[in-house]
4 protein chains.
Amino acid sequence: MVAEPLEWRKYDDAELPRVLEAALEAFAKHGYHGTSIRELASTAGLSVPGLYHHYPSKQDILVALLEDVMRDLVQRTAAALEEAGPSPAARFDAWVECLLRFHMFRTKHAFVTSSELRSLEGDNRDRIVALRDELQGMLDHAVEDGAAGGTFATPYPKAASRGVTVLCIGVSSWYRPDGPLSPEDLVHRHLVLARGVVNATE
Amino acid sequence: MVAEPLEWRKYDDAELPRVLEAALEAFAKHGYHGTSIRELASTAGLSVPGLYHHYPSKQDILVALLEDVMRDLVQRTAAALEEAGPSPAARFDAWVECLLRFHMFRTKHAFVTSSELRSLEGDNRDRIVALRDELQGMLDHAVEDGAAGGTFATPYPKAASRGVTVLCIGVSSWYRPDGPLSPEDLVHRHLVLARGVVNATE
Amino acid sequence: MVAEPLEWRKYDDAELPRVLEAALEAFAKHGYHGTSIRELASTAGLSVPGLYHHYPSKQDILVALLEDVMRDLVQRTAAALEEAGPSPAARFDAWVECLLRFHMFRTKHAFVTSSELRSLEGDNRDRIVALRDELQGMLDHAVEDGAAGGTFATPYPKAASRGVTVLCIGVSSWYRPDGPLSPEDLVHRHLVLARGVVNATE
Amino acid sequence: MVAEPLEWRKYDDAELPRVLEAALEAFAKHGYHGTSIRELASTAGLSVPGLYHHYPSKQDILVALLEDVMRDLVQRTAAALEEAGPSPAARFDAWVECLLRFHMFRTKHAFVTSSELRSLEGDNRDRIVALRDELQGMLDHAVEDGAAGGTFATPYPKAASRGVTVLCIGVSSWYRPDGPLSPEDLVHRHLVLARGVVNATE
DNA sequence: AATGAATGAGTTTTCATTCAT
DNA sequence: CATGAATGAAAACTCATTCAT
């Protein structure tokens, strides 16, 4: 019996529990510290103690949200790389497309995950950062392999890798699903730009 | 009498009034809503009423900070473009270098300016966003002109322009002054990457 | 058919229903107001609604506990006096020994009963206080009778009676079953002290 | 220059700061956990944040109160013993009279100090208990010395010493300043009873 | 009796802000 | 400018209690 491969390109509407969905909305709009537990509860359609029945503290809500989001992204990326096979170029494209789509269809998730890292207390922060670094490592490997093997022309694989990441992340700051570009076009164009980054020479 | 041209490459240590410097530090670490006026006052070495002597409210401190930062960046960029002259390629390079340096030497300023936009009340937000858009417009023009005139090969000038911006902004998320790369090297490498973005074709 | 005489010297381990035993423990440690119904339930090995199945409210648990404790003490004292017969000296000794043993083996019961009187609402308090006064009255009579009849030398029977009571109560503040003195020794010593109180003259 | 000797017999009306006076009243009536900070503030004639301006937490109010009370009692007792000189009998009488007066004129202080020990968190409790033990130690020494030197007849100096203490403490449970006995009479009578305790033999 | 979900009213504490000195 | 005292409003969180299953 074979495990179902994850459909990493598919984004449905609500994949988050009600409370986390409310937290996502609120944290994106006003930030963690700018959001009150009352606001959270009423957005989730609960009373305040009702909310505390599900999560023991505001901080735990933030942790659950960020962990959910990061786990989803890591799993999608792993599936994309799996599908891509061993070639650095294919892996590069898969990684970029995966992160692009995530930042197109999970704009708020991505924003909150990066903007509220600082609001994590204790070692919660470290766990989330480790997941982020793991993700970045996947791209780094592909770029370094590709640069070493001649697939990519860049003389600065490390800087290029980071540049590609921020390129993908950046779309979340302006992409709107009702914009003029279709998702497929947008992915295509940014793949071109990203390949430009890892192939740029002096 | 001629106006002194602004030295847009030069970044001194403290160009901000004491209170705003404290606000910068605190807002970067805990966010606007996560920072109390008492914390602000004590970081600034003032008493609470002393702080209110300088600014009428917490919100006004945020506004003053973001305006200061944005005005500085706009002026530097204007100076850089002035110095670059009319050629799209030179203007592109100047803009990129200017934004890069800003995000290297004013990391916290940049981070707070973008992360706390949402904490601005009333029309304060609009004023700051307008400045940001004005800045982006300067690059858009250069890229569009360069694309139209054949200087840049990109078929997607708008997307490329945005990509270049996030490329510059992105360095602030990892650049450290004590890192292995000299500022000059880092600027150089990212200019290469940025040119890769506006020259990428299918 | 004759009623079984109560063995007023015998103290078994658990004579309280599970919930009251838990309440005793918790009220002794944190007080009535410092104890939550959740804590009570979990100490009793019940769910919260399970606890409410047994008692209609937190206040009712306190009432049931204090009534149980006071009823037990009154019955033991009555049995002791019964056994002692009519002589004031014997009645005095019986009363003292009975209250002493109670405060040695029911330390927590005694402490909670006096410390949480104030937490009783409505006329619950009056009922418990009446029982306490009834108890004190039994000793008062013995001392007054003994003083009048020359058995006790004290010129201040009322004050002496009260003094004897607090002497007995006082052992609960430091007696530990694993201490160096056997219960019998301790009873003996305090009987000596108590007799000292009712025989002291100027 | 000679230090003013403390008038350990003199009890004025209000020797406590306003907030602690309010806390005393409230803790005596409803206990620490049964008293809300709102109640405390309004009894003290302050707003809630006004109260927090003076004390950083509810717990700190309790600590300040108990420390104030215990320090006062320890100082009075030390002064009484000082005045009494070296004779065990005189020291015994002084100690007893001092503790008696304290429990007559500081009834609530004494009650709260013993009933709310359990509400002290961390090592606050230990500090207060140490003061209490220090006090008890002063009497223990006098009784042991007196028993060794033949001043007191008791064969159980330790138990007697404890008995005397609870005798003094006990008056606080029923003494009322408007009662039938004058303070001087009451002190006199209880000195007689206390001497009875340390002179009782089999 | 347990479980799980829920709640109005309360808790302690902190907030931004003010004002007299 | 600092100090110290003050406050209405709101923060996060907990309370005793209920009810459907």
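Nothing here was measured: the structure is a model prediction, and the numbers come from that model. Per chain, numbering begins at 1; letters A, B, ... match sequence-line order.
In this structure the side chain of D/Glu67 never reaches within 4.5 angstrom of the side chain of D/Asn124, judged on heavy atoms. Taking the side chain as every heavy atom from C-beta outward, A/His30 and A/Glu39 approach each other to under 4.5 Å.
Boundaries of the chain A contact region on DNA chain E are E/dG4 to E/dG10, first to last in 5' to 3' order (nucleotide atom under 4.0 Å from a heavy atom).
Regarding A/Asp60, its CG atom lies at a distance of 13 Å from the C1' atom of F/dC13, rounded to whole Å. When the P atom of F/dC13 is taken as reference, atom NE2 of A/His53 falls 17 Å away, rounded to whole Å. Following rounding to the nearest Å, A/Ile37 (CD1) and F/dA9 (P) show an atom-to-atom distance of 22 Å. Taking atom CG of residue D/Leu46 and atom P of nucleotide F/dT7, one finds them 7 Å apart after rounding to whole Å. The nearest whole Å value for the distance from the NE2 atom in C/His33 to the C1' atom in F/dC15 is 12 Å. We find that CD of A/Glu39 is positioned 8 Å from P of F/dA11, with the value rounded to whole Å. Put simply, OH on D/Tyr52 is 21 Å from P on F/dG4, counting in whole angstrom units.
Summarising the local packing, CG of D/Asp13 is surrounded by 12 or fewer heavy atoms from other residues, nucleotides or ligands at distances under 6.0 Å.
Toward the 5′ end of DNA chain E lies the nearest nucleotide of C/Arg38, the other residue of the pair C/Arg38 and B/Tyr32 mapping further downstream.
Using a 4.0 Å heavy-atom distance criterion, B/Gly50 is classed as a sugar-phosphate-only contact. Contacts of B/Ser47 with the nucleic acid, taken as non-hydrogen atoms under 4.0 Å apart, include base atoms. Here B/Gly45 lies in heavy-atom contact (under 4.0 Å) with sugar-phosphate atoms only.
Looking at C/Glu15 and C/Arg106, a side-chain N of the basic residue comes within less than 4.0 Å of a carboxylate O on the acidic one, giving a salt bridge.
When atom types are taken as modelled, the side chain of A/Gln59 and the backbone of A/Glu121 share a donor-acceptor pair closer than 3.5 angstrom. A donor-acceptor distance shorter than 3.5 angstrom exists from the side chain of B/Lys58 to the backbone of B/Tyr32, with no hydrogens or angles considered.
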